[in-house]
Amino acid sequence: MSGALLVAGTTSDAGKSVLVAGLCRWLARSGVRVAPFKAQNMSNNSMVTPDGGEIGRAQALQAAACGIEPSVRFNPVLLKPGSDRSSQVVVLGRPVGVTTALSYRARKSELMETVLATLADLRSDYEVVVCEGAGSPTEINLRASDIANMGLARAANLPVLVVGDIDRGGVFAHLFGTLALLDPADQALISGFVINKFRGDPALLEPGLRQLHSLTGRDVLGVVPWSEDLWLDAEDSLSYAADGVVGRPAPPVGTQWLRVAVVRLPRISNATDVEALACEPGVSVRFVTEPSRLADADLIVLPGSKSTVDDLGWLRRTGLADAVMAHARRGLPVVGICGGFQMLGTGIDDRVESGAGAVEALGLLDVDVEFAAEKVLTRPQGTVFGEPAVGYEIHHGRVTRCEHEGLVALPDGSTEGVVDGAILGTHWHGLLENDDARRAILRWAAEWSGRDGFKPASDTSFATARATQLDILGDLVENHLDTTAIRRLIDNGPPTPLPFIPPGAP
Ligand SMILES: NC(=O)CC[C@H](N)C(=O)O
C-alpha cells in the first residue's frame, strides 16, 4: 500500500485545500506519483472531469498541482447546497438525489464504503495520496457518522496533520481543543500541526510552538507565512470580501480601467469563473450584494447559481434586479453565466431544482429555459468571436427557445449561448480562461461600455497565472514545512506512542 496523509483544519478556510495543493506540488516536483483525495466536499464550485463526472474545483486544482488530469476518484462525494437545509448529492461524479442534513446521515455508511473503496483504489495506482478533510475533525455532534475526517482516518489508518489559521487569532486554543476533544483512538492519529497565514516575527511565535509541544506531545511541523500573491481558485466566493477587489490587478495597458461587478448570488456556483478577468491588467473585479454597487460598473456579470429560481427571487427582493435592468437600459454590457444566463431570459420552467414551475425571468434575452432531471455534464469546445475556446457545462436547465445569434460556434455547426448587442449569455463555465476568447469578450465589453481607453493586454496567460500559484504553494511547503518529518508520516504512518490529552470526546 502506498503512503498517505490527511490534512484536517481547525475551521473551514484554515487553508486545508491550499496546503494539500502545496504538498501535492512539492511531491510531484520531487518525482513522486501523487494524487489528491477529498472524501466529501460541500461546495458549489465544481468542474467536469475527463471521465465525465463532477468534482469540487479544489480537487481539480490539486490534480493540476500533481500534474495529472482530474478524476471523479479524487472527490467521490460532492454535496452541492441548494438551500440551507438541502444539498444535491453527487457520488463518483453523478448526481444521485437531493438530501437534507438529517436524511444524509442515514446514507453515510453506504457512502463510507464508496469512499474507502475509492481511496484504496487510488492508493494502488499512486505512490502517495494526500487527503483533505472537511470542516473541522472535531465536530463532536457529527463524529459518529463522519466519513471525511477522523472517520476516514481511522478506517484507513491515516496520519493526520491539523492546520490552523493564525490570522484570525486563537490558533493555539484551536489546535489544542481540536486534539483534546477527540477520543483516544482518534488522538493517536493526530501527528502534528501546521500554522497557516502567519504575518509577523517568527521569534515571537517560538515560545508558543514549544508550549504547544509540551502540552500535546506533538510538533508544529511548519509555520506558513501569509502570501499576498495567493488568491486564485479560492475555495468559495465567501472568502472574497464583498466589494473588495479580486486579485491584484496591474494598472491598465491603455488609459482606462474596466470596472466589473459580479453579483454574489446566495447560491453562487463557480464563482471562480471571473478570476480570469481579475488576472487582466486594468480590469477591476468586485463581488457585490447591494444595488448601489452596480451604479458605477462598466460590465455586470451574473454568475452561475445552484438555485436559479431562488436566486432570481433574491435578486428582485434586494433591488439588484432593477439595478441590472437600469444598467442594461443604458446600453451597458451584461454577461450571464449558466444560472445567470438562465435569469436573463424570458421565462424559466423549473419542475426540477426549485419545483416552482413557470417563472418569469428578467426578459433581457428572448430565450426560454426548461429544467430537466438529467444533468448536463460536458467539456465542449468551439469558437467565440472567432477565437478557439474550451469550457465545461454543469446544469439541469436547457434552452428550449432562442431568438438570437449564438455566442459559441460548435464543431457540428450548431451554437451555444447568445450574444445580442450588449447582452451575452452562455451555459459554459471556464469560457473566460481561454486567453484569446477572453480578450475578445473584454473588447466587446469595453466597446459597449464606452471605455475607449481600455485595451486588453496582449499577453495575459491564465494557465501561466494558475501554474505560478501552484508553484508558490509548492515553494511555501518546501521552504516552511518540515518536509522530512512529513515524508516520514506519509511513509510510516502516525508515530507511536502519542500521548492522550484529556478530556477526550464527550
Ligand atoms: N452551474 C449553474 O449555474 C447551474 C444553473 C442551474 N442551477 C441549473 O442546474 O441549470
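Each residue takes its place number in the sequence, starting with 1. Just so we're clear, the structure is a prediction, and the values are computed from it rather than from any experiment. Note: hydrogens, waters and symmetry copies are ignored here, and every other heavy atom, side chains too, is used.
Salt bridge status for Asp121 with Arg123: absent, with no side-chain N to carboxylate O gap under 4.0 Å. Taking the charged nitrogens against the carboxylate oxygens, Asp186 and Arg143 do have a contact shorter than 4.0 Å, which makes a salt bridge. The pair Asp471-Arg466 does not count as a salt bridge, with every side-chain nitrogen at least 4.0 angstrom from each carboxylate oxygen. Checked for salt-bridge contact, Lys80 and Glu353 miss the test: no charged N lies under 4.0 Å from a carboxylate O.
Although no hydrogens or angles enter the test, the distance criterion places no donor-acceptor pair under 3.5 Å between the side chain of Asp310 and the main chain of Ser307. At distances below 3.5 Å, not a single donor-acceptor pair connects side-chain atoms of Thr464 with backbone N or O atoms of Phe462. A donor-acceptor pair is defined here as one N or O able to donate and one able to accept, closer than 3.5 Å; such a pair exists between the side chain of Asn196 and the backbone of Ala14. Panel note: side chain Asp273, backbone Gly430; a donor-acceptor pair is recorded below 3.5 Å. A donor-acceptor pair under 3.5 Å is formed between the side chain of Thr138 and the backbone N or O of Thr178. His396 places a side-chain N or O within 3.5 Å of a backbone atom of Ala372 that can act as its donor or acceptor partner. Of the possible donor and acceptor atoms, none in the side chain of Gln62 sits under 3.5 Å from a partner among the backbone N and O of Val20. With Arg398 contributing its side chain and Glu370 its backbone, the two residues share no donor-acceptor pair below 3.5 Å. The backbone N or O of Val352 lies less than 3.5 Å from a partner atom in the side chain of Asp350, making a donor-acceptor pair. The closest donor-acceptor contact from the side chain of Asn44 to the backbone of Ser269 lies at 3.5 Å or more, if one exists at all.
Atoms CG and CG, on Leu302 and Leu320 in that order, are 9.0 Å from each other to the nearest 0.5 Å. To the nearest 0.5 angstrom, Arg199 atom CZ is 11.0 Å from Ser227 atom OG. Distance check: Leu19 CG to Leu161 CG gives 7.0 Å after rounding to the nearest 0.5 Å. Distance check, rounded to the nearest 0.5 Å: CZ of Arg73 to OG1 of Thr114 gives 14.0 Å. With values rounded to the nearest 0.5 angstrom, Phe37 atom CZ is found 11.5 Å from Glu132 atom CD. Between Ile394 atom CD1 and Asn45 atom CG the span is 9.0 Å, to the nearest 0.5 Å.
Residues meeting the side-chain contact (heavy atoms from CB on, under 4.5 Å) test with Cys338, sequence neighbours left out: His395, His427, His429. Legend: residues meeting side-chain contact (heavy atoms from CB on, under 4.5 Å) with Asp311, ordered by chain and number and at least two apart, are Leu265, Pro266, Arg267, Ser305, Met343.
Remark: of the listed residues Gln88, Glu54, Arg94, Lys38, Glu54 is the sole one forming a side-chain contact (heavy atoms from CB on, under 4.5 Å) with Leu78.
Residue Glu478 qualifies as enclosed at atom CD: its count of foreign heavy atoms under 6.0 Å is above 12. Atom CZ of Arg248 sits in a crowded spot, with more than 12 heavy atoms from other residues, nucleotides or ligands closer than 6.0 Å.
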Test side chain to side chain contact (heavy atoms under 4.5 Å, CB included) applied to Asp167 and Phe198, step by step: CA-CA 6 Å; Asp167 194 53; Phe198 178 65; over 6 Å; no
Determine whether Lys16 and Val194 satisfy the following criterion, side chain to side chain contact (heavy atoms under 4.5 Å, CB included), listing intermediate values before the conclusion. CA-CA 10 Å; Lys16 291 184 302 291; Val194 172; over 6 Å; no
I would like to know whether Thr308 and Gln342 meet side chain to side chain donor-acceptor pair (under 3.5 Å); could you show each step before the answer? CA-CA 7 Å; Thr308 304; Gln342 297 168 353; 2.8 Å; yes
Could you pull out all donor-acceptor pairs under 3.5 Å where a side-chain atom in residues 489-506 meets a protein atom, sequence neighbours excluded?
| unit_1 | atom_1 | unit_2 | atom_2 | d |
| --- | --- | --- | --- | --- |
| Asp491 | OD1 | Arg487 | NE | 3.4 |
| Asp491 | OD1 | Arg487 | NH2 | 3.1 |
| Asp491 | OD2 | Arg487 | NE | 3.3 |

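Donor-acceptor pairing under 3.5 Å is recorded for the side chains of Asp51 and Ser71. Thr426 and Glu416 share a side-chain donor-acceptor pair at under 3.5 Å. Between the side chains of Thr272 and Asn270, not a single donor N or O lies within less than 3.5 Å of an accepting N or O.
Heavy-atom minimum distance, Trp26 versus Val477: CB-CG1, 3.8 Å.
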